[in-house]
There are 2 protein chains.
Amino acid sequence: MNVSPKSEPAGLIPIGEAERRSGVAKETLRVWERRYGFPSPVRDAAGDRLYTAEDVEKLRLMKTLIDHGDRPARLAPLSREDLVARLLTPSPANDGEAGAWVEDALDRLRRHDVDGLRELMQSAIYAQGLARFVQDNVATLTRAVGEAWIGGRLQVYEEHLFTEQLVRILRGALDGLPRPAAARPRVLLTTLPGEPHALGLLMAECLLALGGARCLSLGAETPPAEVVAAARAHGADVVAVSFSAMVPAEAARRAAADLRAALPPETELWAGGASAAHVGPAPGVRTLPNLPDIPEALDHWRSVAAGPR
Amino acid sequence: MNVSPKSEPAGLIPIGEAERRSGVAKETLRVWERRYGFPSPVRDAAGDRLYTAEDVEKLRLMKTLIDHGDRPARLAPLSREDLVARLLTPSPANDGEAGAWVEDALDRLRRHDVDGLRELMQSAIYAQGLARFVQDNVATLTRAVGEAWIGGRLQVYEEHLFTEQLVRILRGALDGLPRPAAARPRVLLTTLPGEPHALGLLMAECLLALGGARCLSLGAETPPAEVVAAARAHGADVVAVSFSAMVPAEAARRAAADLRAALPPETELWAGGASAAHVGPAPGVRTLPNLPDIPEALDHWRSVAAGPR
DNA sequence: CATTCATCTTGTCCTGGACAAATGCCTCAG
DNA sequence: CTGAGGCATTTGTCCAGGACAAGATGAATG
């Protein structure tokens with residue numbers, strides 16, 4: 001009986017909508033109100049909570065910070081600006097010197113010049129090769145876009161637009177690469193439920209394919225049991241899972257451990273993405289927090305596993 | 001403190017997980033138990049509900065049927081087989097005669113011969129053109145895959161795999177098409193929050209691009225306010241939104257009406273996808289439930305809007 | 001400096017009631 | 001027989017306020 005873009009009487013947001021938009025569960029919203037006094041929504045005639053857009057924005061920032069390890073009690077009293085500042089500090093002094101290329105790309109994005117953006121990216125690939133493009137340009141650009149979004153200098157749809165064009169470019173490049181059926185290792189790529197970001201996956205696939213691996217991507221949000229079934233059915237040498245910064249550290253750790261336990265021992269498990277570092281040194285899990293780790297891991301696999309089969 | 005693939009003591013599923021897997025909200029699960037006696041989960045030592053995998057499977061089927069207009073009170077007493085039967089009846093007698101091509105494709109999918117699957121699709125494009133491929137082969141194949149999944153004859157990851165390969169093929173075809181910057185109409189494609197399926201969008205984009213339109217895809221799940229902002233910023237003549245069968249009919253109707261109200265009057269709104277028919281005849285919204293409607297709509301737009309600008 | 005243990009914090013789940021919106025059903029006039 | 005209008009029922013969402021397990025923190029100890 002309820003819909004996402006519910007009729008908003010005066011721009012006020014009911015609790016279900018607030019959950020969807022901020023990512024904070026309804027129960028948690030009520031308990032935060034009880035414990036920390038934030039948020040303190042007004043009520044409609046029926047006594048139902050109505051949140052302001054500012055509340056929801058602050059909740060979204062809090063959620064992001066909590067996923068990075070912060071604690072709600074510390075964050076609740078802070079202002080929106082404080083939260084934004086705290087989100088941006090971890091990555092130091094890269095605001096002005098982001099590089100002319102990145103600035104150029106951001107500029108085209110702001111002007112919605114999608115063709116120009118794609119051309120810029122395509123020529124960067126031709127100029128320096130796909131590997132350096134993925135490792136340098138894309139990584140920097142993605143971070144710059146993320147920060148611009150946090151700081152409110154970019155609309156949500158502009159971020160969507162950016163992702164869409166980037167996916168397009170990378171997919172195109174990938175299709176141009178040879179895919180020898182017998183190549184090794186056979187790598188199964190995916191993301192676990194709750195992690196919808198497939199971009200990191202695509203970047204990883206580029207580097208793996210460049211390194212001569214045989215890639216098979218399942219796309220995002222594959223249930224763990226299905227990952228295991230697919231790995232078995234496809235005879236994968238390696239299962240590569242991407243954890244974006246969105247995933248709470250603890251969730252990533254546990255998911256990796258569970259998957260490791262369920263996979264055949266001879267299948268390697270590689271964890272990539274921003275939260276991969278938090279997966280920590282786990283037995284039988286190779287963490288590749290940075291993209292350049294990928295070619296290295298491939299080399300290592302070949303030197304170790306060259307014998308069998 | 002909770003994670004998707006939570007440690008399952010004996011294959012039993014706590015309520016949060018059940019919500020994620022079935023798509024039925026926690027509150028609704030409790031209220032169904034109170035009213036209809038289904039599901040009736042066992043409890044752990046703390047009194048928390050624990051659902052079986054069969055319960056969750058039945059819940060997922062019920063949710064699908066309810067989204068199609070059925071009512072929970074009627075469905076709760078039925079068995080899993082009854083639900084499956086009810087889901088499959090609407091599309092009559094297309095089980096055996098699905099066509100040799102579709103059978104071939106399904107077969108390759110079951111054998112995880114992804115390269116073979118892509119080759120098959122690619123040659124179909126060459127043989128009959130992109131338009132017929134999208135309208136006939138893809139539409140039939142997608143339905144066949146969906147039905148195989150409902151009937152349990154296909155794993156979830158196999159469906160992921162299928163989607164991934166299809167997206168790849170379509171994206172590749174799309175990149176081969178000319179994109180004259182001045183072409184009209186300018187169409188903005190997207191999906192509203194809650195609708196993650198981007199495949200329909202991609203199919204529509206193919207047909208629109210073939211029809212000479214200038215497409216700009218925002219990808220999935222763009223908030224309505226952002227759709228409006230993007231349409232304005234990009235000077236879109238048409239905003240095309242895709243509603244898959246996953247979207248409840250009422251939700252689709254309301255979302256379309258809200259979006260229509262928020263868009264500038266001179267911007268047309270087109271609704272496509274399986275639930276588009278349920279959007280019903282709404283003022284100012286053009287519903288395109290079937291893919292062949294797209295070229296038609298393009299012709300109509302050109303004949304009407306040829307004058308202005 | 002590392003490790004163990006007690007204390008705090010935090011998210012999730014519980015019950016049982018309430019209500020508004022939407023749907024289906026029935027009646028009545030044309 | 002058909003269509004419009006009104007009433008009853010169905011259904012999803014929300015509320016309050018309490019409880020608890022598991023993780024994080026910090027202090028005391030070896």
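Chain identifiers are assigned alphabetically (A, B, ...) following the order of the sequence lines, protein sequences preceding nucleic acid strands; residue numbering begins at 1 within each chain.
- Scanning for side chain to side chain donor-acceptor pair (under 3.5 Å) contacts around A/Tyr51 gives an empty result, with sequence neighbours left out.
- If you take CD of B/Glu19 and P of C/dC13, they are 8 Å apart, rounded to a whole angstrom.
- Protein atom CG of B/Leu12 is 17 Å distant from nucleotide atom C1' of C/dC13, rounded to whole Å.
- The side-chain contact (heavy atoms from CB on, under 4.5 Å) search around A/Ser22 returns A/Val24, A/Val56, A/Leu59, not counting sequence neighbours.
- Remark: A/Asp293 pairs with no residue by the side chain to side chain donor-acceptor pair (under 3.5 Å) rule, at least two apart or across chains.
- What separates CE of B/Met62 from C1' of D/dT11 is a distance of 12 Å, to the nearest Å.
- By the side chain to side chain donor-acceptor pair (under 3.5 Å) test, A/Arg60 is found to be paired with A/Glu57, residues two or more places apart in sequence or in another chain being considered.
- Straight-line distance from the CD1 atom of B/Ile66 to the P atom of C/dA22: 17 Å, rounded to whole Å.
- Using a 4.0 Å cut-off, some side-chain N or O of B/Trp32 falls inside it from OP1 or OP2 of D/dG12.
- Evaluation of the side chain to side chain donor-acceptor pair (under 3.5 Å) rule for B/Glu296 yields no partner, not counting sequence neighbours.
- C/dT10 atom C1' lies 13 Å from atom CZ of A/Arg74, rounded to whole Å.
- Applying the 4.0 Å criterion to OP1 and OP2 of C/dT12, one finds that A/Thr28 has a side-chain N or O inside that range.
- As rounded to whole Å, 12 Å separates atom P of D/dG12 from atom CG of B/Asp70.
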All N/O contacts under 3.5 Å from nucleotides 15-19 of chain D to the protein, with atom names and distances to one decimal?
unit_1: D/dC15; atom_1: OP1; unit_2: A/Arg49; atom_2: N; d: 2.6
unit_1: D/dC15; atom_1: OP1; unit_2: A/Arg49; atom_2: NH1; d: 3.1
unit_1: D/dC15; atom_1: OP2; unit_2: A/Arg30; atom_2: NE; d: 2.9
unit_1: D/dC15; atom_1: OP2; unit_2: A/Arg30; atom_2: NH2; d: 3.0
unit_1: D/dC15; atom_1: OP2; unit_2: A/Arg49; atom_2: NH1; d: 3.2
unit_1: D/dC15; atom_1: O5'; unit_2: A/Arg49; atom_2: NH1; d: 3.2
unit_1: D/dA16; atom_1: OP1; unit_2: A/Arg43; atom_2: NH1; d: 3.2
unit_1: D/dA16; atom_1: OP1; unit_2: A/Arg43; atom_2: NH2; d: 3.2
unit_1: D/dA16; atom_1: OP2; unit_2: A/Arg49; atom_2: NH1; d: 3.1
unit_1: D/dA16; atom_1: OP2; unit_2: A/Arg49; atom_2: NH2; d: 2.7
unit_1: D/dG17; atom_1: N7; unit_2: A/Arg34; atom_2: NH2; d: 3.3
unit_1: D/dG18; atom_1: N7; unit_2: A/Arg34; atom_2: NH1; d: 3.1

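- If you measure from atom CD of B/Glu33 to atom C1' of C/dT15, you get 11 Å, rounded to the nearest angstrom.
- Between the C1' atom of D/dT13 and the CG atom of A/Leu29 lies a distance of 14 Å, rounded to the nearest Å.
- Atom CG in A/Leu75 sits 4.5 Å away from atom CG in A/Asp70 (nearest 0.5 Å).
- Not one N or O on the side chain of B/His160 forms a donor-acceptor pair closer than 3.5 Å with the backbone of A/Gly219.
- Nearer to the 5' terminus of DNA chain C, by closest-nucleotide assignment, is the contact made by A/Tyr36 (compared with the other of B/Arg71 and A/Tyr36).
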